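Remarks on the structure that follows.
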2 protein chains.
Amino acid sequence: MPEAPLSSAPLFEGLSAADVAAILAAAHRRRYGRADFVCHQGDPVDAVYMVAGGRVRLTQLEVDGQEVVIRFIGPGDIFGAVAAFKVTQFPVSGEVVEASEVLAWDRATMVSLIERHPRLGQNLMAILSGRIQEMRERIGDLQTQRVERRIARALLRLAQQAGQRTATGILINLPLSRQDLAEMTGTTLYTVSRVLSQWEADGIVKPGRERVEILRPHALVTIAEDLPSP
Amino acid sequence: MPEAPLSSAPLFEGLSAADVAAILAAAHRRRYGRADFVCHQGDPVDAVYMVAGGRVRLTQLEVDGQEVVIRFIGPGDIFGAVAAFKVTQFPVSGEVVEASEVLAWDRATMVSLIERHPRLGQNLMAILSGRIQEMRERIGDLQTQRVERRIARALLRLAQQAGQRTATGILINLPLSRQDLAEMTGTTLYTVSRVLSQWEADGIVKPGRERVEILRPHALVTIAEDLPSP
DNA sequence: AAGCCTCTTTGCAGTAGCGCAAAGACAATC
DNA sequence: GATTGTCTTTGCGCTACTGCAAAGAGGCTT
């Protein structure tokens with residue numbers, strides 16, 4: 001998948017190349033390897049971050065020790081904004097699943113950048129708004145839809161953001177265990193395994209070790225939406 | 001419950017009284033009666049709204065017709081921001097449960113107000129961030145906690161934002177049906193009814209028609225948190 | 001190539017919660 | 001004060017999903 005340049009990230013929409021360059025120049029950069037943590041839940045935070053390359057899995061730990069996958073983020077995605085503008089601790093942990101580079105603007109820098117480039121603030125609000133919308137959908141799914149459909153939707157979303165065309169279908173191009181999928185959809189790794197096995201029998205997906213390839217995306221859409229199977 | 005003045009709303013934090021007055025003056029006002037809708041899911045939207053008085057129930061309709069209660073909002077709370085800065089349609093419907101007054105700033109007005117008062121933009125981001133954080137918690141609850149605990153947490157949250165001290169406990173001061181509670185917690189009205197009946201037998205709550213009074217808040221906290229019952 | 005670790009599969013039994021149905025309670029209306 | 005409509009309760013059967021356990025498979029390391 002050809003990486004889009006960072007300047008086309010949603011955060012920079014509507015800004016001139018010169019402005020983007022200036023904003024990028026104000027960031028600190030840091031590299032991380034696989035399995036590193038870019039942040040730990042509970043750590044103090046006073047900055048906004050952007051993933052410049054690679055992929056990070058954001059998870060939330062419940063008080064009883066259960067883990068919830070909030071989302072996977074990749075190039076151009078930001079994180080830490082929630083913490084920077086409201087709470088002062090990271091509400092999530094970020095584990096690198098694919099070697100990454102991360103940009104950081106500390107809070108004061110970001111505030112002054114926004115004053116200089118109002119569009120940056122609007123973009124940030126649009127990003128936060130979009131995230132709220134996604135979460136509303138996820139809450140709706142969790143409250144009203146069955147597990148099978150939730151898994152189908154999660155796979156389609158992952159295909160959207162990390163899908164790679166192959167000869168036989170679309171490969172979700174990140175290490176994705178049954179446990180990960182379970183923590184994204186509010187079920188157990190056992191149920192995920194059973195559902196994927198069934199779909200494999202139906203020729204819809206080809207599951208592997210920490211790997212899922214979608215063979216018949218349309219069949220998955222049929223399961224994900226409220227359609228009669230045509 | 002004495003209504004806090006609107007100027008102390010989170011949106012206006014850190015702004016001078018004069019600034020707040022100017023911002024308020026730029027808003028349009030409108031009144032609504034009980035059961036009116038302040039917005040309908042799918043309606044075009046190009047404004048940010050604030051509830052000045054009363055209470056509104058925000059719901060989301062799933063494609064299959066099932067309803068999800070997103071949250072109840074009251075004086076000082078804003079809505080429509082998600083739509084104004086990202087999608088162009090209301091993602092939720094807002095039904096008035098207690099006669100309300102609503103302020104509205106259209107998008108262009110809000111953008112220029114933010115340019116004049118940067119703090120306003122920061123506050124807006126803090127509000128959106130806070131909402132994301134709440135939704136993360138809700139997702140976590142839905143994925144990892146049992147129904148009884150989710151209901152306990154929902155009641156405690158409602159008590160926080162609409163609780164009224166009584167001689168015997170805390171009354172949740174808005175019309176709240178079993179169905180409402182079910183749609184807030186991802187269960188059915190039957191299960192809510194059964195749980196409340198059990199709690200009534202334990203002397204923890206006193207349920208009524210569209211009404212819940214909490215008699216022993218601490219017992220509810222014990223259920224809501226991961227504590228051994230002391 | 002062997003061994004090891006982690007991830008995955010699947011059988012099976014158990015249960016939390018669903019959802020229908022029918023009766024009961026409450027509040028508003030005529 | 002009777003009636004009507006909505007909201008609530010509760011019994012009962014059911015099912016979707018859980019969670020353990022044990023075996024199987026895949027990818028590293030040495």
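Excluded from the calculations below are hydrogen atoms, water molecules and symmetry mates; all remaining heavy atoms, backbone and side chain alike, are included. Just so it is clear, the model here is predicted, and its values are computed rather than measured.
A salt bridge links B/Arg57 to B/Asp180: at least one charged side-chain nitrogen sits closer than 4.0 Å to a carboxylate oxygen.
Of the N and O atoms on the side chains of A/Gln161 and A/Arg55, not one donor lies less than 3.5 Å from an acceptor on the other residue. For the residue pair B/Arg138/B/Gln133, the side-chain donor-acceptor check at 3.5 Å is not satisfied.
Legend: side-chain hydrogen bond (donor to acceptor under 3.5 Å, both in side chains) pairs involving residues 63-80 of chain A, not counting sequence neighbours, sorted by first then second residue: A/Asp64-A/Gln66, A/Asp64-B/Gln145. Pairs passing the ring pair (Phe, Tyr, Trp, His ring centres under 6.0 Å) check and including a residue from residues 38-59 of chain A, sequence neighbours excluded, read A/Phe37-A/His40, A/Tyr49-A/Phe79, A/Tyr49-A/Phe90.
Counting 5' to 3', DNA chain D first comes under 4.0 angstrom of a heavy atom of chain B and last does so at the ends given by D/dG5 to D/dC12.
For B/Arg178, there are no side-chain hydrogen bond (donor to acceptor under 3.5 Å, both in side chains) partners, not counting sequence neighbours. For A/Asp36, the side-chain hydrogen bond (donor to acceptor under 3.5 Å, both in side chains) criterion is met by no residue, not counting sequence neighbours. Every residue meeting the salt bridge (Lys or Arg N to Asp or Glu O under 4.0 Å) condition with A/Arg211, not counting sequence neighbours, appears here in chain and number order: A/Glu213. For A/Arg165, there are no side-chain hydrogen bond (donor to acceptor under 3.5 Å, both in side chains) partners, not counting sequence neighbours.
Residues from residues 140-148 of chain A with heavy atoms under 4.0 angstrom of DNA chain C: there are none. If you check residues 175-197 of chain B against DNA chain D, the residues with a heavy atom closer than 4.0 Å are B/Ser177, B/Arg178, B/Leu189, B/Tyr190, B/Ser193, B/Arg194, B/Ser197, listed by number.
End-to-end axis angle of the helix from C/dA1-D/dT30 to C/dC30-D/dG1, from C1' rotation axes over five pairs per end: 40° (rounded to 10 degrees).
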Close N or O pairs between protein and nucleotides 23-25 of chain C (under 3.5 Å):
none

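When side chains are defined from C-beta on, A/Val97 does not count as touching A/Leu176, because their heavy atoms never get closer than 4.5 Å.
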Mind listing the side-chain donor-acceptor pairs of residues 199-206 of chain B below 3.5 Å, one per line with the distance, residues two or more places apart or on another chain?
residue  : atom : partner  : partner atom : Å
B/Trp199 : NE1  : B/Glu148 : OE2          : 3.0
B/Asp202 : OD1  : B/Gln198 : NE2          : 3.1
B/Asp202 : OD2  : B/Gln198 : NE2          : 3.3

